[in-house]
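Since the structure comes first, as structure tokens, the remarks are kept for the end.
Because the structure is predicted, anything quoted here is derived from the model rather than measured. No hydrogens, no waters, no symmetry mates; every other heavy atom, side chains included, goes into these values. Below, read A as the first sequence line, B as the second, and so on, with proteins coming before strands; counting in each chain starts at 1.
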There are 2 protein chains.
Amino acid sequence: MSLRHAILTALLERPSSGFDLARRFDRSIGYFWSATHQSIYRELATLEREGLIESLPQPPSRGKRKLYEVRLAGRSALVAWLGQYEEPERSRDALLVRLRAASVVGAGPLVEQMRLHREAHEERRAEYLEIAERDFSDPHPDASAQIQHLILLAGVGLETYWMTWLSDAIELLSEVDRSGHAEDQ
Amino acid sequence: MSLRHAILTALLERPSSGFDLARRFDRSIGYFWSATHQSIYRELATLEREGLIESLPQPPSRGKRKLYEVRLAGRSALVAWLGQYEEPERSRDALLVRLRAASVVGAGPLVEQMRLHREAHEERRAEYLEIAERDFSDPHPDASAQIQHLILLAGVGLETYWMTWLSDAIELLSEVDRSGHAEDQ
DNA sequence: ATTTACATGTAAGGGGTTACATGATTTG
DNA sequence: CAAATCATGTAACCCCTTACATGTAAAT
């Protein structure tokens, strides 16, 4: 149920088309809730059917921009959702599952994969820092900007965390590799 | 595709029933890939149909334990999967989506939710530390134990990270609340 | 004998991904 | 006018979750 509320949030800030939303997701809400254009279009259709958003009147045709804006019912639904408590989800990380498998059948090419993951996290971190500098360097930000900055910093911190953990992991796996393989246990 | 490989890993360590796996997942692989008993039973059935695992011959009946073990093809499939590179997934966190919404419609009861999340992360962290002390205090662990310890420490670090970030976030949101609401922007 | 814990499943539905289809607009 | 880019959608499938159904074994 998060995608629809992410969409409502984005549309409240600025009426947009599905295509716009897809692009905006890639560099803001998408840090913590990525979405493909297909899922966005589907959710937009559902939201409109339910009367939470409406498309600005334009001749509807396939290749034409279709702008949506949030109706009052949509804003209420968002506020209501904001009030619902959800337990924190357990994270799902295929790399950790691979590492767990490596503890049984040997690391194989996993160390190299971890190096690539570390690079990916480095790049993502750099990207976030760039955005932070560009969009949140105002010395007297309003409340909204402060919160958005905080969210971005959550991303920076997470990427940093994985970078350091991966470095430790790579080091340990390399040592283990040198001094007898896991398979031999 | 991670669940099946998590299951193969667990079964390689010890032939188990679906019920066993569900319990073992709760306190090991489940740190990074949780699974309900329903999904485990379904995947076990699929794996058996595909010939990657086999059930030990016993009169199959509904309320009776059904032990599975991994066949050679299953081990090969696991090793093959281990060699496949996957990009790191973007994390999905409904709380961050809520916070993003709060930057538009105001924080409302979100601070209290964040306190509860912080508590949940504290508890999970304590749980992991307990397991670490109980299972990984051997001064000369073998390679497999070292890797499993490393995975557990990834969990500890993540929980710690979210605890500190949430503390910062709660503090900022409280300040923002005191000095004029986000809604008023 | 009944309750509780153990154990295995089925069914429906939600939400997401990948692949594919199609039209409109801009640029060389 | 051809190609690239912008833009909206459909269809099939995958994996997971929630709710429900059912049977066995141990404890009181």
Side-chain angles (χ1 to χ4, degrees), chain A residues 1-8 10-11 15-26 29-30 32-50 53 55-68 81 84 86-94 97, chain B residues 1-8 10-11 15-26 29-30 32-50 53 55-68 81 84 86-94 97:
Chain A
M1 296 291 287
S2 284
L3 177 58
R4 59 168 28 206
H5 299 105
I7 289 176
L8 287 172
L11 286 183
S16 307
S17 67
F19 198 79
D20 290 338
L21 287 173
R23 270 186 313 193
R24 288 173 61 196
F25 263 56
D26 277 346
I29 294 177
F32 291 105
W33 209 277
S34 59
T36 59
H37 77 267
Q38 291 91 334
S39 57
I40 289 172
Y41 284 123
R42 181 157 33 75
E43 196 61 43
L44 282 171
T46 308
L47 284 167
E48 187 172 29
R49 196 167 1 98
E50 295 175 1
I53 64 175
S55 56
L56 301 186
Q58 286 196 3
S61 91
R62 205 176 176 94
K64 278 266 187 67
R65 271 169 67 85
K66 198 167 158 191
L67 283 176
Y68 292 93
W81 177 75
Q84 279 166 29
E86 268 181 85
E87 287 289 323
E89 311 96 74
R90 306 225 160 201
S91 63
R92 307 207 139 175
D93 191 322
V97 177
Chain B
M1 297 291 287
S2 283
L3 176 57
R4 57 169 30 209
H5 300 104
I7 289 175
L8 287 171
L11 286 183
S16 306
S17 67
F19 197 81
D20 290 338
L21 288 173
R23 271 186 314 193
R24 288 173 61 196
F25 264 56
D26 277 344
I29 294 177
F32 291 105
W33 209 277
S34 59
T36 59
H37 76 268
Q38 290 91 332
S39 58
I40 290 173
Y41 285 123
R42 180 161 32 74
E43 196 61 44
L44 282 171
T46 308
L47 285 167
E48 186 172 29
R49 195 170 357 99
E50 295 175 2
I53 63 176
S55 55
L56 302 187
Q58 285 195 3
S61 91
R62 204 175 176 96
K64 279 266 187 68
R65 271 169 68 83
K66 198 166 157 191
L67 283 175
Y68 292 92
W81 177 75
Q84 279 167 29
E86 266 181 86
E87 287 289 322
E89 311 97 75
R90 306 226 159 202
S91 63
R92 309 208 137 178
D93 192 322
V97 177

Between atom CG in A/Leu67 and atom C1' in D/dC6, what is the gap in whole Å? 14 Å
Please test B/Phe19 against B/Arg65 for side-chain contact (heavy atoms from CB on, under 4.5 Å), starting from the C-alpha separation and ending with a verdict. CA-CA 8 Å; B/Phe19 197 81; B/Arg65 271 169 68 83; 5.7 Å; no
May I have the distance from A/Lys66 (atom NZ) to D/dC6 (atom C1'), rounded to whole angstrom? 16 Å
Between A/Ser2 and A/Phe32, does a side-chain contact (heavy atoms from CB on, under 4.5 Å) hold up when you go through it step by step? CA-CA 10 Å; A/Ser2 284; A/Phe32 291 105; over 6 Å; no
Does anything in residues 41-49 of chain A come within less than 4.0 Å of DNA chain D? Heavy atoms only, and list the residues if so. A/Tyr41
Map A/Leu3 and A/His37 onto DNA chain C by nearest heavy atom, then report which one ends up closer to the 5' terminus. A/Leu3
Supply the atom-to-atom distance B/Ile7 CD1 to B/Phe25 CZ, rounded to the nearest 0.5 angstrom. 5.0 Å
For B/Glu86 and D/dC14, give me the distance from atom CD to atom P, rounded to whole Å. 16 Å
Answer with yes or no whether the side chains of A/Ser16 and A/Arg24 bring together a donor and an acceptor at under 3.5 Å. yes
Before accepting this row, confirm whether a basic side-chain N of the pair A/Arg23/A/Asp20 lies closer than 4.0 Å to the acidic partner's carboxylate O. yes
If you check the B/Met1 side chain, which of D/dC15, D/dC16, D/dC6 turns out closest? D/dC15
Using side chain to side chain donor-acceptor pair (under 3.5 Å), reason through A/Arg4 and A/Thr46 one step at a time and then give a plain yes or no. CA-CA 9 Å; A/Arg4 59 168 28 206; A/Thr46 308; 5.6 Å; no
Can you give me the first and the last nucleotide of DNA chain C (5' to 3') that has an atom within less than 4.0 angstrom of a non-hydrogen atom in chain A? C/dG15 to C/dT25
In whole angstrom, what separates B/His5's NE2 from D/dC14's P? 15 Å
Would you sort out whether B/Arg92 and A/Ser34 count as a side chain to side chain donor-acceptor pair (under 3.5 Å), showing the intermediate values? CA-CA 7 Å; B/Arg92 309 208 137 178; A/Ser34 59; 3.2 Å; yes
For B/Gln38 and for B/Arg23, find the nucleotide of DNA chain C with the closest heavy atom, then tell me which residue's nucleotide is more 5'. B/Arg23
Base, sugar-phosphate or nothing for A/Arg92? Non-hydrogen atoms, less than 4.0 Å. sugar-phosphate
Could you go through the side-chain contact (heavy atoms from CB on, under 4.5 Å) check for A/Leu11 and A/Leu47 one step at a time? CA-CA 12 Å; A/Leu11 286 183; A/Leu47 284 167; 5.6 Å; no
Verdict with reasoning, B/Leu3 to B/Ser39, per side-chain contact (heavy atoms from CB on, under 4.5 Å): CA-CA 9 Å; B/Leu3 176 57; B/Ser39 58; 4.0 Å; yes
